[in-house]
Amino acid sequence: MTNVLQSEGEHPSRIIPEDKKMKIRILALAVLGLLLSVKSDRYFPLPDRLSEPIFQIILLPYTCLFLIAFIIFIKPEIAEAHLSVIDRISAVRLTAVIILIFEVMAFALLIVQDIRYAPFGYHLDIPVAVLLFAFISAVLLYQLIRGASPDHLFFIALAGYIGTYLLSIDSFPLHAQRSDMLPLILSGCQSFLAGLTPYGYHDLLYHPPHQVFTYLPGMWMAYLPATAFGVDLRFMNLISVVLSALILAYSARRSSDHSILLVPVFLLTPYLQYRHEIYLGVLFLILSIVFFLDRNDRMWTSSIASGYALAVYQFVWVIFPFIVVSAFKRWGMKKAIANSLIAVVIALIIVLPFLLGSPEEFIAGVYGNWFYVDTPTVNLSYLISRVVPWDWMIVVQGMVISAIFVLAVQRMEPRDRWGWMAGALLLFIAMNRVINVYFYLIILLLLVMHGILADAPSEKPDGEKEEALD
């Protein structure tokens with residue numbers, strides 16, 4: 001998406017050093033993560049008694065800040081003149097300061113949810129939490145003073161994320177009234193292992209009965225092994241996030257020296273650490289696999305991975321057309337069509353048995369569940385709904401994504417493909433009828449991928465491109 005925001009006759013003097021460009025991106029990603037973390041879910045930290053119009057008016061500047069930070073990440077040149085202060089600090093030290101602040105915020109959020117969800121059995125081991133965060137903070141302070149390498153900072157952040165997540169698993173039980181996501185997936189997996197279709201209605205303890213099953217097969221099937229062996233489903237989520245981070249870090253090694261620093265900022269985003277009970281790890285992993293294979297021009301295997309991604313989460317349907325455009329621009333029409341067909345066929349092989357087995361329940365969960373209205377975070381949909389009825393919002397979304405797609409066909413540079421995906425998905429989510437804060441974590445992940453690829457000296461893999469395509 002970079003070239004869309006860049007004027008055609010941009011003066012060479014506007015081109016900024018790669019090191020500063022990366023520092024601006026690190027800062028922009030941090031602001032995005034900060035905004036998601038301070039507002040958090042539902043009305044929190046605002047009072048619940050606020051009327052919806054007043055609440056949405058308060059959200060407007062918050063939404064604007066989020067969009068501005070996103071644009072700055074995509075096009076760091078526009079903020080260069082206003083961020084001369086970061087010239088005095090290295091990218092590594094800037095990242096260390098950011099994730100140190102994030103760790104303080106994450107600790108505060110763990111305390112908040114320990115208090116807020118105590119009725120659901122939440123009981124944080126305070127001494128262990130203090131020791132964990134004190135140790136992580138001390139290591140970060142040492143690296144800040146000493147001057148760590150980007151690789152060291154990544155592994156410190158990875159260890160910090162793992163430690164915090166394990167602490168959450170130990171301290172906070174899965175409870176359907178706190179969040180029905182993983183309990184519902186667990187119930188669906190149990191139904192499947194018992195020889196029943198998961199696509200029906202599930203009675204979750206302490207939750208309104210007859211909860212519709214909302215997940216695509218690629219998502220819940222990844223949790224089958226944990227369900228079969230009686231393991232907490234969050235371990236699968238943890239493994240997925242860790243593998244995703246390792247794939248991205250490995251990919252960043254072929255880019256600039258500092259693009260790996262985007263990964264720790266994403267990984268230690270306080271909101272990501274706070275939401276121990278979400279299911280997005282599987283999506284993060286499959287998107288990271290697609291990113292790695294696609295970047296290395298492994299066309300056939302990347303198409304298979306893309307097919308599985310289509311069967312994991314509905315938002316992948318929004319970004320998939322841009323993968324096709326990228327394939328067309330890099331490999332030509334025939335290979336792009338083949339790539340697309342393979343992906344669609346793989347997705348259908350996974351999805352169709354369940355759709356045909358119980359079509360009404362499948363559609364009610366996978367599609368019908370998105371038709372109520374709930375926009376408690378970054379959004380444009382409430383403002384648009386003052387002009388366009390909610391029932392027509394999907395038409396507006398379709399028109400906007402179609403316009404971006406046409407523009408991508410005309411102007412998208414293949415190396416910017418993940419930025420285009422992030423931009424398209426951001427607008428789609430912001431205009432949705434149902435918006436959860438954790439949706440935007442996907443945007444942050446796509447931005448990390450864009451930052452890694454946009455900063456790479458060359459897309460050509462270590463081997464010959466022709467060999468990679470075979």
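Position 1 is the first residue of the sequence; numbering continues from there.
- Partner Gln113 forms a side chain to side chain contact (heavy atoms under 4.5 Å, CB included) with one of Ile115, Leu110, Ile111 and no other, that one being Leu110.
- Applying the 6.0 Å contact sphere to CZ of Phe155 captures no more than 12 heavy atoms from other residues, nucleotides or ligands.
- Residue Leu280 holds its CG atom at 9.0 Å from CZ of Arg275, rounded to the nearest 0.5 Å.
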Could you go through residues 134-147 and list every donor-acceptor pair under 3.5 Å that involves a side-chain atom there, pairing it with any protein atom two or more places apart or in another chain?
residue	atom	partner	partner atom	Å
Ser137	OG	Phe133	O	2.7

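- The closest donor-acceptor contact from the side chain of Ser179 to the backbone of His175 lies at 3.5 Å or more, if one exists at all.
- Between Tyr438 and Tyr279, the ring planes are perpendicular. Angles over 60° get that label, and only those under 30° would be called parallel.
- You'll find the side chain of Leu29 reaches within 4.5 Å of the side chain of Leu262, heavy atoms only.
- No side-chain donor-acceptor contact under 3.5 Å links Arg417 to the backbone of Ile323.
- The closest donor-acceptor contact from the side chain of Lys20 to the backbone of Glu77 lies at 3.5 Å or more, if one exists at all.
- Of the inter-residue distances, the one linking Thr214 atom OG1 with Met219 atom CE reads 9.5 Å to the nearest 0.5 angstrom.
- Put simply, the side chain of Lys23 gets close to the backbone of Ile89: a donor and an acceptor are under 3.5 Å apart.
- Using cut-offs of 30° and 60° for the angle between ring planes, the Tyr313 and Phe315 rings count as perpendicular.
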message = Apply side chain to side chain contact (heavy atoms under 4.5 Å, CB included) to residues Trp220 and Leu224 and explain how you reach the verdict.
response = CA-CA 7 Å; Trp220 59 263; Leu224 280 174; 4.0 Å; yes
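- Side-chain contact between Leu36 and Leu444 is present, with heavy atoms from C-beta onward closer than 4.5 Å.
- In terms of modelled atom types and a separation under 3.5 Å, the side chain of Ser171 and the main chain of Ser168 share no donor-acceptor contact.
- No donor-acceptor contact under 3.5 angstrom links the side chains of Asn237 and Glu277, judged on distance only.
- Residues Ile304 and Ile342 are in side-chain contact: their nearest non-hydrogen atoms beyond the backbone lie under 4.5 Å apart.
- For the pair Asp232 (side chain) and Phe235 (backbone), a donor-acceptor distance under 3.5 Å is absent.
- Side-chain contact between Lys329 and Val325 is present, with heavy atoms from C-beta onward closer than 4.5 Å.
- Heavy-atom minimum distance, Thr375 versus Asn432: CG2-O, 3.8 Å.
- Interatomic distance, OG of Ser326 versus CE of Met412, reported as 4.5 Å (0.5 Å rounding).
- Side-chain contact check for Leu272 versus Phe102: every heavy-atom pair is 4.5 Å or farther apart.
- No cation-pi contact links Arg415 to Phe322, judged by a cut-off of 6.0 Å to the six-membered ring centre and 45° from its axis.
- The only option from Ser306, Ser302, Ser303 that meets the side chain to side chain contact (heavy atoms under 4.5 Å, CB included) definition with Leu293 turns out to be Ser302.
- The distance from the CG atom of Leu59 to the CG atom of Leu65 is 11.5 Å, given to the nearest 0.5 Å.
- Within the 4.5 Å cutoff, the side chain of Val241 has no heavy atoms near those of the Leu285 side chain.
- Looking at Ile162 and Val242, their side chains come closer than 4.5 Å, going by heavy atoms from C-beta outward.
- Side-chain atoms of His123 and Asp114 include no donor-acceptor pair closer than 3.5 Å.
- Asp297 and Trp331 share a donor-acceptor pair across their side chains, judged by distance under 3.5 Å alone.
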task = Please test Thr377 against Tyr62 for side chain to side chain contact (heavy atoms under 4.5 Å, CB included), starting from the C-alpha separation and ending with a verdict.
result = CA-CA 8 Å; Thr377 184; Tyr62 173 75; 3.9 Å; yes
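- Using modelled atom types, no side-chain atom of Lys335 and backbone atom of Ala327 make a donor-acceptor pair closer than 3.5 Å.
- The CG atom of Leu32 lies 11.0 Å from the CD1 atom of Ile68; values are rounded to the nearest 0.5 Å.
- Side-chain atoms of Asn296 do not come within 3.5 Å of backbone N or O of Arg298 as any donor-acceptor pair.
- The residue from Tyr161, Phe172, Tyr165 that alone fulfils the ring-ring contact (aromatic ring centres under 6.0 Å, His included) condition with His276 is Phe172.
- Here Phe266 and Phe284 bring their ring centres to under 6.0 angstrom of each other.
- Contact between Ser288 and Leu445 at its shortest, heavy atoms only, is OG-CD1, 4.5 Å.
- With values rounded to the nearest 0.5 angstrom, Ile435 atom CD1 is found 10.5 Å from Phe428 atom CZ.
- Contact of the Asp294 side chain with the Arg330 side chain is registered, since non-hydrogen atoms from C-beta on lie closer than 4.5 Å.
- Within the 3.5 Å criterion, the main-chain N or O of Pro414 finds no donor-acceptor partner in the side chain of Asp416.
- Among Phe66, Tyr271, Phe70, the one residue that satisfies the ring-ring contact (aromatic ring centres under 6.0 Å, His included) test with Tyr440 is Phe66.
- Counting only distance, with no hydrogens or angles, the side chain of Tyr308 and the backbone of Gly218 share a donor-acceptor pair below 3.5 Å.
- Of all heavy-atom pairs between Ser37 and Met105, the closest is CB-CE, 3.9 Å.
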ask   = Step by step, would you call Ile319 with Leu287 a side chain to side chain contact (heavy atoms under 4.5 Å, CB included)?
value = CA-CA 11 Å; Ile319 65 175; Leu287 287 178; 4.1 Å; yes
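- Using the six-membered ring where Trp is involved, His450 and Phe73 have ring planes that are tilted, between 30° and 60° apart.
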query = Going through the distances and angles, do Trp420 and Ile74 end up as a side chain to side chain contact (heavy atoms under 4.5 Å, CB included)?
reply = CA-CA 9 Å; Trp420 281 82; Ile74 294 292; over 6 Å; no
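- In this structure, Phe439 has its ring center closer than 6.0 angstrom to the ring center of Trp370.
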